[in-house]
Amino acid sequence: MDEFKRLTKDETNAIYRRIYAYVGEIVCEWNEVEGEMGKIFQMCMNPDPRYPAALPFWTIQGFRGMLDATGAAVKALCFKEAKLIEEWTEIRSKLEKANKIRSKIAHGGIWHELPRDRDQNANDIFLTTSGEKQQDNHYAEVRGEPGAKRYPTPESKMRVYDLAAIPTMIRERTTKLKIFHESIWVTFEATYFNLDRR
């Protein structure tokens, strides 16, 4: 197709490499989120490292199930600690939103095309989940660096530089989980977690 000749093969490949790097980073960062949830699950079920209390967590299929199991474990341990329950509820809400973004990216496909209704220099890179309607596709503008010419797009769409911000957002969620993990430990260390670690 003639539309694709406006970018050289090297330019196109460079853009694809950049996007795949972001996608890979996003997927790897998400593993950290799930790892921290596994630690919280274990701590709530049985904090003694000599017992593999987290094993059931890793048999759960899908992030939603992991989130539900972790939430149930947190509520079972912390039911008298309103502050911890409130903190978990906020973390859970942010994780649910982050997972929607992560899932779209992790399970998407990528291609590029030149929109016919825009100026001749506006090539787009699309990131889409198969089965979605075309208007719901996530995409990234090839020349979408901060300060570049932008076009109005629905909120569901992403430009290349938007992808760059997602690993940082996921790392922030992981940090919140680590802090929450520590909060649980501090709250229950003197009572429930009074273990002989020798």
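Quick caveat: nothing in here was measured; it's all calculated off a predicted structure.
Nearest heavy atom pair, residue Ala69 against residue Ile60, reads CB-CD1, 3.4 Å. Of all non-hydrogen atoms in Ile85 and Cys78, the two that sit nearest each other are CG1-O, 3.4 Å. Across every non-hydrogen atom of Ala73 and Phe41, the tightest pair is CB-CD1, 3.9 Å. Nearest heavy atom pair, residue Trp58 against residue Gly38, reads CZ2-CA, 4.1 Å. Looking at every heavy atom in both residues, Leu67 comes nearest to Glu96 through CD2-CG, 3.5 Å. Considering every non-hydrogen atom in both Ile179 and Glu87, the closest pair reads CG2-OE2, 4.5 Å.
Going from atom CH2 of Trp88 over to atom CG of Leu177 covers 6.0 Å, rounded to the nearest 0.5 Å. Residue Asn31 holds its CG atom at 12.5 Å from CD1 of Ile26, rounded to the nearest 0.5 Å. Separating the CZ atom in Arg102 from the CD1 atom in Ile166 is a distance of 11.5 Å, to the nearest 0.5 Å. Taken to the nearest 0.5 Å, the CD atom of Glu36 stands 7.0 Å off from the NE2 atom of His181.
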Begin from the C-alpha positions of Phe63 and Leu95 and carry the test side chain to side chain contact (heavy atoms under 4.5 Å, CB included) through to its verdict.
CA-CA 10 Å; Phe63 181 75; Leu95 287 174; 4.1 Å; yes
Show, in sequence, the C-alpha distance, side-chain angles and deciding distance for Thr174 and Lys178, and conclude whether the side chain to side chain contact (heavy atoms under 4.5 Å, CB included) test is met.
CA-CA 6 Å; Thr174 304; Lys178 288 178 179 179; 4.0 Å; yes
Ile184 vs Phe180, test: side chain to side chain contact (heavy atoms under 4.5 Å, CB included). Steps then yes/no.
CA-CA 6 Å; Ile184 293 174; Phe180 183 70; 3.3 Å; yes
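Using modelled atom types, one finds a donor on one side chain and an acceptor on the other under 3.5 Å when comparing Thr168 with Arg171.
Applying the side-chain hydrogen bond (donor to acceptor under 3.5 Å, both in side chains) rule to Glu34 yields the partners Trp30; only residues at least two apart in sequence or on another chain are considered.
Linking ILVMFWY residues whenever their side-chain heavy atoms come closer than 4.5 Å, directly or via other members, places Phe57 and Trp185 in the same cluster.
Here Glu86 does not pair with Lys83 in a salt bridge; the nearest charged N to carboxylate O distance is not below 4.0 Å. A salt bridge is absent between Glu172 and Lys176; no separation between the charged side-chain nitrogens and carboxylate oxygens falls under 4.0 Å. Taking 4.0 Å as the cut-off between side-chain N and carboxylate O, Glu90 and Lys94 count as a salt-bridged pair.
Screening Met66, Glu32, Arg92, Gln42 for a side-chain contact (heavy atoms from CB on, under 4.5 Å) involving Met37 leaves a single residue, Met66.
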